[in-house]
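Below: the structure, in structure tokens.
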Amino acid sequence: QVQLVESGGELVQSGGSLRLSCAASEGTLSSYAMGWFRQAPGKEREFVAAISSRGATRSYADSVAGRFTISRDNAKNTLYLQMNSLKPEDTALYYCAASSLRLGINVRDFESWGQGTQVTVAS
């Protein structure tokens, strides 16, 4: 099991960029597939991006493909989400998550979650 802590969320103008980080405060990320999810008020938590344990495979939601990039640095025990060309509809609480079993896109595929970091994109 790993303990995850997200950081980097803040208020940003439409069209701007932001990089989120997810660090393991307990345990190591190297053996886990990792993912980013987001949840806006009144909506279900949705998949954003995922990456395999070594970073060889990446998956993105259609809504962010081409704008967001998921990456990881296992030596630093950290996961990243680079967000470019941000839009107001990207506003949400962003969560990182870890899976010891598979690289998936469903909430139930992930067993460990951070507490989220808020991203707000102003119009």
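Shortest non-hydrogen contact noted between L4 and C22 is CB-SG, 3.9 Å. Nearest heavy atom pair, residue G104 against residue A50, reads O-CB, 3.7 Å. In terms of heavy-atom proximity, N77 sits nearest to G27 at ND2-O, 2.9 Å. Across all their heavy atoms, V119 and G9 have their closest contact at CG2-CA, 4.0 Å. The two residues S14 and S123 have their closest heavy-atom pair at CB-CA, 4.4 Å. Across all non-hydrogen atoms, the minimal contact from D109 to S99 is O-OG, 2.8 Å.
Counting only heavy atoms from C-beta outward, the side chains of K87 and V121 never approach each other to under 4.5 Å. Contact check for R45 versus W113: side-chain heavy atoms found under the 4.5 Å cut-off.
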(request) Could you walk me through whether S71 and Q82 pass side-chain hydrogen bond (donor to acceptor under 3.5 Å, both in side chains), step by step? (result) CA-CA 8 Å; S71 63; Q82 178 66 47; over 6 Å; no

(message) If you apply the rule side-chain contact (heavy atoms from CB on, under 4.5 Å), what do you find for L11 with Q118, and how did you get there?
(response) CA-CA 8 Å; L11 174 66; Q118 179 67 40; over 6 Å; no

(request) Mind running side-chain contact (heavy atoms from CB on, under 4.5 Å) on R72 and T78 for me, showing each step along the way? (result) CA-CA 6 Å; R72 66 192 301 161; T78 304; over 6 Å; no

(request) I would like to know whether Y32 and F110 meet ring-ring contact (aromatic ring centres under 6.0 Å, His included); could you show each step before the answer? (result) CA-CA 10 Å; Y32 294 85; F110 296 83; over 10 Å; no

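Clustering ILVMFWY residues whenever any of their side-chain heavy atoms sit less than 4.5 angstrom apart, transitively, puts V107 in the very cluster that holds I105. Both Y95 and F47 are assigned to one and the same hydrophobic cluster, defined by single-linkage of ILVMFWY side chains at heavy-atom distances under 4.5 Å. Linking ILVMFWY residues whenever their side-chain heavy atoms come closer than 4.5 Å, directly or via other members, places L81 and V12 in the same cluster. Hydrophobic clustering, with ILVMFWY side chains joined whenever heavy atoms are under 4.5 angstrom apart, keeps M34 apart from Y80. Both Y60 and L79 are part of a single hydrophobic cluster, where members link through side-chain heavy atoms under 4.5 Å apart.
Of the possible polar contacts, one joining the E111 side chain to the S100 backbone as a donor-acceptor pair under 3.5 Å is found.
Neither side chain, T120 nor E10, offers a donor N or O lying under 3.5 Å from an acceptor on the other. Looking at S17 and N84, their side chains do bring a donor and an acceptor atom within 3.5 Å of each other.
With sequence neighbours excluded, the residues that form a salt bridge (Lys or Arg N to Asp or Glu O under 4.0 Å) with E46 are R38. For R19, there are no side-chain hydrogen bond (donor to acceptor under 3.5 Å, both in side chains) partners, not counting sequence neighbours.
Put simply, CG on L93 and CD on Q115 are 10.0 Å apart, with the number rounded to the nearest 0.5 Å.
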